[in-house]
Amino acid sequence: MTTWSCMNLQDSASPIMEQLIFFHDHTLMIITMILAMVLYFMASMIINELVDRYMLEGQTIELMWTIAPAVILLFITTPSLRLLYLMDEIHNPIMTIKTIGHQWYWSYEYSDFVNVEFDSYMTPYESDNKSMFRLLETDNHVTLPMHSFIRIIVTAADVLHSWTIPSLGIKADATPGRLNQSSFMINRPGLLYGQCSEICGANHSFMPIV
C-alpha cells in the first residue's frame, strides 16, 4: 500500500513485480549515468576554452555518438523484452477467476467452483473508522491462495475498465465483448489494494479492488 510522501514503488507481492522493480532501478541507473555524463560535457564545454579542430570536423565523434546510444539501448531492451515475455506467459493455473467491470463496481466469478460469484462495491467512508482506507475499501474481498499460479480473465459489461493491482504488477484491460487474460502468483500474505486504471466515466475513481 502506497502511503503519503512515498516516492518509491509499492512493495512487491509477486515475482513479476519484483522483476519490474529491478528493471526500474536498472533503467534509472542508466538514465542517471547519461545525465551525469551530459552535464559533465556541458560544463566542460562552458569552462574549457581549448578546441580540437580535428575531432570537431572528423568522423570519430560522429561514430562515437552513434554507437554509444545503440549500446545503451541494448542494455535497456534486453531485460525489457525478457520481462515482457515473462509477463505474457500463462503457466498451469490452479484456479481461474473471471472479473467483470460494471459502472461502477466489479463482479467476480470463481470459474472452478459452481455458483461462486459476487459483486464488489466500494464501502462508504466512515470518518470514525480510523483503520479504513478512503475510496479503497470494498464490501466483498477477493480471496486468493499464496504460492499458486492464478489466471484472471477480465472483461467489461458496459465501458472500458482496467483491473489493476500495483503490488502484483498486473494491469489488465477490461473491454466489452473481449476476454483478456493474465496470470500472477502471490508470494506474501496481506491485503492488496488496487483501483480501475482506465478513465471509464464519472465514478471512475470509485471502483476499488481488494
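Along the sequence shown, residues carry numbers from 1.
Taking every heavy atom of both residues into account, Cys200 and His161 meet most closely at SG-ND1, 3.3 Å. Between His102 and Met207 the shortest heavy-atom distance is O-CE, 3.4 Å. Residues Tyr193 and Pro166 share a closest heavy-atom pair of O-CD, 3.5 Å. Scanning all heavy atoms of the two residues, the minimum distance from Met17 to Gly169 falls at SD-CA, 3.6 Å. What you find for Trp106 and Pro208 is that their closest heavy atoms are CD1-O, 3.5 Å. Looking at every heavy atom in both residues, Leu136 comes nearest to Val210 through O-CG2, 3.1 Å.
Formation of a donor-acceptor pair under 3.5 Å by the His147 side chain with backbone atoms of Met185 is not found in this model. Under the 3.5 Å distance criterion, the side-chain polar atoms of Ser14 are left unmatched by any main-chain donor or acceptor of Ile186. Thr78 places a side-chain N or O within donor-acceptor distance of the main-chain N or O of Leu74, the cut-off being under 3.5 Å. Side-chain N or O atoms of Ser44 include none that pairs as donor or acceptor with a backbone N or O of Tyr40 at under 3.5 Å. Here the side chain of Asp173 pairs no donor or acceptor atom with the backbone of Ser162 at under 3.5 angstrom. A donor-acceptor distance shorter than 3.5 angstrom exists from the side chain of Thr155 to the backbone of Thr175, with no hydrogens or angles considered. No donor-acceptor distance shorter than 3.5 angstrom exists from the side chain of Asp119 to the backbone of Ser107, with no hydrogens or angles considered. Side-chain atoms of Asn180 do not come within 3.5 Å of backbone N or O of Val154 as any donor-acceptor pair. No side-chain donor-acceptor contact under 3.5 Å links Gln195 to the backbone of Ile209. Judged purely by atom type and a 3.5 angstrom limit, Thr66 has no side-chain atom pairing as donor or acceptor with the backbone of Met64.
Between the OG atom of Ser148 and the NE2 atom of His91 there is a distance of 13.0 Å, given to the nearest 0.5 Å. Taken from CZ in Phe118 to OG1 in Thr138, the straight-line distance is 8.5 Å, to the nearest 0.5 Å. For the atom pair CD1 (Ile72) and CD1 (Ile76), the distance works out to 7.5 Å, reported to the nearest 0.5 Å. Here the straight-line distance linking atom OG1 of Thr96 with atom CD1 of Ile153 works out to 5.5 Å at 0.5 Å rounding. Separation of atoms CG (Leu168) and CD1 (Ile152) is listed at 9.5 Å; rounding is to 0.5 Å. Residue Leu20 holds its CG atom at 11.0 Å from CG of Asp25, rounded to the nearest 0.5 Å.
Placement of Phe113 and Ile150 within a single hydrophobic cluster is found when ILVMFWY residues are connected by side-chain heavy-atom separations under 4.5 Å, directly or transitively. A continuous path of hydrophobic side-chain contacts links Leu86 to Ile21 [ILVMFWY only; heavy atoms under 4.5 Å]. Tyr121 and Val116 fall into different hydrophobic clusters, where Ile, Leu, Val, Met, Phe, Trp and Tyr side chains are chained together by heavy-atom contacts under 4.5 Å. Tracing side-chain contacts under 4.5 Å through hydrophobic residues (I, L, V, M, F, W, Y), one reaches Met95 starting from Ile165; they form part of the same cluster. Hydrophobic clustering (side-chain heavy atoms under 4.5 Å, transitive across Ile, Leu, Val, Met, Phe, Trp, Tyr) keeps Ile100 apart from Phe206.
In this structure the side chain of Asp11 reaches within 4.5 angstrom of the side chain of Arg188, judged on heavy atoms. Looking only at side-chain heavy atoms (C-beta outward), Leu135 and Met122 come within less than 4.5 Å of each other. Using a 4.5 Å cut-off on side-chain heavy atoms (C-beta onward), Val142 and Tyr110 make contact. For the pair Ile97/Arg151, no side-chain contact is recorded, criterion being any heavy-atom separation below 4.5 Å from C-beta on. Contact check for Pro15 versus Asn187: side-chain heavy atoms found under the 4.5 Å cut-off. Residues Glu117 and Lys98 are not in side-chain contact: their nearest non-hydrogen atoms beyond the backbone lie 4.5 Å or more apart.
Annotation for Asn48: atom CG counts as buried by contact number, over 12 foreign heavy atoms lying within 6.0 Å. Dense packing is recorded around CD1 of Ile34, with more than 12 heavy atoms of other residues, nucleotides or ligands lying under 6.0 Å away.
The aromatic rings of Phe184 and Trp163 sit parallel, their planes meeting at an angle under 30°, below the 60° perpendicular limit.
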